[in-house]
Amino acid sequence: NILLVMCRERLHFVFGTGHHSNLRRTKEQRDIGMKAVAELAMSLFAEMEDLEILPNTFTYNALIAVLGQCDDFRVMDIFTHMKADNRQDIAANTAAGAASEGMSDSEWVAETQATATSPPAAASAGSVVAVGSTAPGAKSPVLLSSTAPQTRGLAYTVIVDEPDAGISAKGVNVNLETYKWMVEAALRMKLTKMAFIFFKELKERDLRPDKDLFLLMMRVCCLEGQKTEAAMLFQEAKTAGVLDVEVYNGRLEVLANAKDGDELFNAFERLRTDADRMSLKPNEDTYNVVLRGCYKLQVPEKALALYDTMTQPNSTAPPPNTETYGVLIDIASLSKDTKMATNYILEMKRRRVPITIATYCRLMYCFVAADDAGIVSIYDELRQHGPPPNLEAAVILLRYYQVKQNPAIITKTSGPVEPDLECYNIMLEYCAAIGSHQKSFKYFEELKTRGMAADIHTYNALIAVFAPTGSDFVFKVFEEMQEMKIAPNHVTFSILMKHKLGRQCLA
């Protein structure tokens with residue numbers, strides 16, 4: 001179980017999150033990492049069966065968490081396997097209860113204590129011998145004393161309810177945590193119907209959804225802008241007594257994603273004035289959700305009015321935070337207003353709102369949208385005064401130089417930021433734009449020296465270098481793609497079709 005948890009923690013390295021947030025991963029790197037971690041987790045589960053170690057609730061939940069975060073559809077098979085083990089537990093417990101019908105209370109307590117303290121018998125991974133099932137949030141199994149009141153029920157269990165289905169607990173029980181991971185897996189794989197099936201199924205098992213689950217379901221509704229379903233979840237959360245401003249914000253996010261401006265602004269106003277007498281007050285996230293809605297609806301005037309409300313003296317609205325200004329910079333990008341975006345940075349400094357490198361990256365995107373050369377000054381200022389530019393900032397600048405075919409791009413491949421595969425792909429695209437065979441060889445060999453595996457974008461850029469001249473290197477690129485089992489896509493063929501000699505190579 002600990003090893004499965006370590007697999008889940010390793011995903012932070014794969015995604016570049018948590019303690020590894022300084023790493024920037026390409027889609028290909030994430031895909032390779034997710035596949036490797038998923039295979040490792042499945043091999044651990046298979047090894048348990050080989051060693052005749054019985055999985056428990058914690059085992060299944062940990063494995064489901066890993067597979068779900070790896071976008072691995074085998075999570076559905078493991079969930080089905082877990083439910084089968086759960087039924088076997090119930091059947092075994094029922095049989096145990098029937099066998100002990102003639103026992104006295106003292107005999108029953110003695111036998112149950114002996115069962116709970118003895119090591120589990122060897123069995124296949126598909127069968128579980130359990131003292132009792134564990135409920136969501138449980139502590140370690142605790143035996144009742146022989147002097148305490150005893151109640152014989154189904155399974156004659158002597159284990160108290162425990163919230164966390166402990167790491168060494170016995171038995172398998174599909175609990176609320178299981179369904180949370182399954183809903184999150186469906187969310188990641190964009191299987192909205194499956195998420196709602198899991199949500200319905202957990203209620204049929206008499207499990208009560210908590211706030212976290214309602215928030216997850218709101219995120220599911222965001223995928224397709226399911227306003228009706230979000231409204232039903234909202235009422236259900238209210239009935240369950242878990243409705244708070246976070247859940248309300250979740251519903252607002254759904255309306256923003258659905259681009260329903262009227263309902264979004266109406267719901268926000270009702271929350272702000274407490275028209276529904278729910279005793280809830282909008283917080284910073286509430287205002288940021290509505291601002292993101294303004295961005296998606298492309299109504300900058302409403303965003304500016306909302307910002308004025310947040311900055312007015314003696315206003316009851318929360319003050320703007322880092323995310324607030326980030327969204328406002330995005331809104332400035334809609335009109336390519338670099339002056340407005342820059343003023344927001346100055347306002348953050350005046351108000352002593354933390355400015356992160358992510359904020360500066362948004363500012364740089366605004367300058368790219370406006371085709372403003374000031375992006376170079378921003379990057380240089382970051383290098384001199386901080387916060388230090390990260391890989392994303394370097395990639396934004398490289399993209400700007402590449403479009404401009406600016407030779408200064410060459411000096412940006414070295415510096416405070418370690419280039420990744422995307423950086424090299426940009427450089428190869430630049431080589432294609434200026435027709436430099438020599439530089440393309442240099443960058444291609446360099447990325448290999450750094451231990452990077454070329455992807456389809458790398459090979460497409462290389463083909464774009466050689467296609468205009470009909471160079472034999474086009475065939476060598478195809479041969480390497482075949483060796484690396486990377487299939488050409490529509491971009492590959494469209495590059496060749498653009499040039500007469502490229503079409504000859506294709507023929």
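Keep in mind that what you see is a predicted model, and the values were worked out from it rather than measured. Hydrogens, waters and symmetry mates play no part in the numbers below; they use all other heavy atoms, side chains included.
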Nearest-0.5 Å distance, CD1 of residue Ile345 to CE of residue Met340: 13.5 Å
Non-hydrogen atoms of Leu176 and Pro209 that approach each other most closely: CD1-CA, 4.3 Å
Ring center gap for Tyr307 and Tyr325 short of 6.0 angstrom: yes
Residues Lys302 and Glu269 bridged, charged N to O under 4.0 Å: no
Proximity of Phe234 and Tyr248 rings by center, below 6.0 Å: yes
Over 12 foreign heavy atoms within 6.0 Å of NZ, Lys296: yes
Aromatic ring proximity Tyr430/Tyr443, centre distance under 6.0 Å: no
Within-4.5 Å side-chain heavy-atom neighbours: Trp181 and Gln69: yes
side-chain contact (heavy atoms from CB on, under 4.5 Å) assessment of Lys281 paired with Asp274: CA-CA 7 Å; Lys281 291 183 178 181; Asp274 197 20; over 6 Å; no
Validation row, ring centre Tyr344 to ring centre Tyr360 under 6.0 Å: no
Flag for Thr178-Asn175: side-chain donor and acceptor within less than 3.5 Å: yes
Non-hydrogen atoms of Phe214 and Ala240 that approach each other most closely: CE1-CB, 4.4 Å
Within the 6.0 Å centroid threshold, strictly below: Tyr379 and Phe367: no
Donor on one side chain, acceptor on other, Asp330 and Ser333, under 3.5 Å: no
Arg251 and Glu263 ion-paired at < 4.0 Å: yes
Side chain proximity check, Glu392 to Ile396, heavy atoms < 4.5 angstrom: yes
Distance-only donor-acceptor check, side chains Glu323 and Asn288, under 3.5 Å: no
Centroid-centroid distance, Tyr60 to Phe45, less than 6.0 Å: yes
